Amino acid sequence: MHWKWMSLLLAVPLTNSLANAGDVRVGVLGIFHPHQLTLSSAGGETIVVAASGETFFLQPGSPAASLQIRASGDSLLLSFAGKVIHAKEIHAAGRNQDATDFVLGVPGKIERRYRGTLDVSIADGVLVPVITMDLETAVASVVQAESLAGTPFEALKAQAVVTRSFFVAGAGRHAEFDFCDLTHCQFLREAPRPGSPAALAAEATRDMIVTFDDKPVAAMFTRSCGGRTLTPADIGIPSGGYPYFSVVCDYCYKNPVRWRRSVTSQDATILSDHREAGRLAVDRRLGWNAVPSNNFLEQDRGTEVVLEGVGQGHGVGLCQRGARAMAQEGADFRGIIDHYFPNTRLGHVAAHPPLRNHAERRLHP
Ligand SMILES: [Zn+2]
Ligand SMILES: [Zn+2]
């Protein structure tokens with residue numbers, strides 16, 4: 001029978017099984033505003049896809065190895081083994097609704113390999129792929145994407161704990177999923193190879209999070225701080241329950257990353273309160289890193305305003321550059337976290353499972 005469409009009928013219930021308490025829902029590839037996606041198995045296992053009350057199977061190595069998904073008005077157009085079907089959303093998983101390895105691609109732009117289960121829906125004519133993945137897979141993936149090659153292991157471990165804490169406590173910035181895969185939440189691409197430094201850093205700190213007052217902290221981090229970290233209040237964003245402190249970061253203090261930019265006087269007005277909202281508004285329009293940080297001085301030159309600043313990113317929480325330097329000088333990950341998050345303690349995910357900002361969605365065949 002190979003790859004025929006199969007009716008749901010008496011097959012296994014294809015409702016979206018409830019995610020494990022340790023899973024996070026990550027919206028991926030949104031930066032490409034995809035109108036088309038391809039899905040295929042990456043691990044040699046069959047992928048079970050549920051859509052519009054039907055079930056079909058993507059079998060590696062067969063003519064029906066991949067599924068094309070296209071946006072069509074407010075629904076999805078699925079092409080599979082020469083057939084076309086309309087659906088509002090799809091759910092893809094391994095057999096028994098397990099996590100599985102798959103490749104998701106935006107034709108002509110990108111292909112990435114993920115492990116988890118996949119839901120695709122449509123919003124405003126754009127496909128919205130959401131992966132439900134194991135927390136530890138997500139942590140290792142972010143450590144890999146967020147860290148420079150050669151980062152000392154203790155700094156990677158500190159990043160892993162901070163990243164895990166953010167996943168546990170930081171949901172709520174998106175309606176359709178818990179986290180995006182951009183620096184807006186945390187940068188996430190493919191999972192690292194087993195045995196790679198990022199994977200080992202996640203394993204070495206498994207289950208550990210930053211807590212304050214026995215509650216998980218949605219711990220923030222920044223590329224470099226300019227010499228002193230900022231507090232959320234400094235840049236006009238909510239602190240989420242942890243009273244951040246502005247701490248001196250020795251390495252950046254002695255060698256700040258300096259930058260210089262020219263902006264129009266209109267943009268300078270938007271930036272004048274040194275708040276994150278203004279910086280992001282200008283960056284969204286002019287491009288990532290158009291204004292690297294909120295820590296700058298302005299010089300009005302008539303037709304333009306010159307900004308001279310230090311640091312990269314919002315400047316709050318763990319400074320990645322400072323953490324690397326601390327680790328090089330012998331600090332361990334606990335020392336690094338204590339430095340950037342004073343008055344916190346290490347806690348465990350088991351006692352504080354990830355918060356969710358929306359009810360689990362279920363497919364209704
Ligand atoms: Zn986000
Ligand atoms: Zn720093």
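Ligands are counted one by one from 1 in listed order, and the atoms in each one are counted from 1 as well. If you're wondering where the values come from, they're calculated on a predicted model, not measured in any experiment.
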### Query
Going by heavy atoms in the side chains, are Tyr244 and Val217 under 4.5 Å from each other?
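Yes. Closest side-chain heavy atoms under 4.5 Å.
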So, are [X] and [Y] salt-bridged, with charged N and O less than 4.0 Å apart?
| X | Y | value |
| --- | --- | --- |
| Arg206 | Glu203 | no |
| Asp178 | Arg25 | no |
| Asp214 | Arg345 | no |

### Task
Just to the nearest 10 degrees, tell me the angle at the Zn ion (ligand 2) spanned by Cys252 SG and Cys249 SG.
110°
### Message
Only to 10 degrees, please: what angle do the NE2 atom of His174 and the SG atom of Cys185 make about the Zn ion (ligand 1)?
### Response
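That angle is 100°.
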### Query
With the Zn ion (ligand 1) as the point of reference, which N/O/S atom of His184 is the closest?
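Considering only N, O and S atoms, His184 comes nearest to the Zn ion (ligand 1) through ND1.
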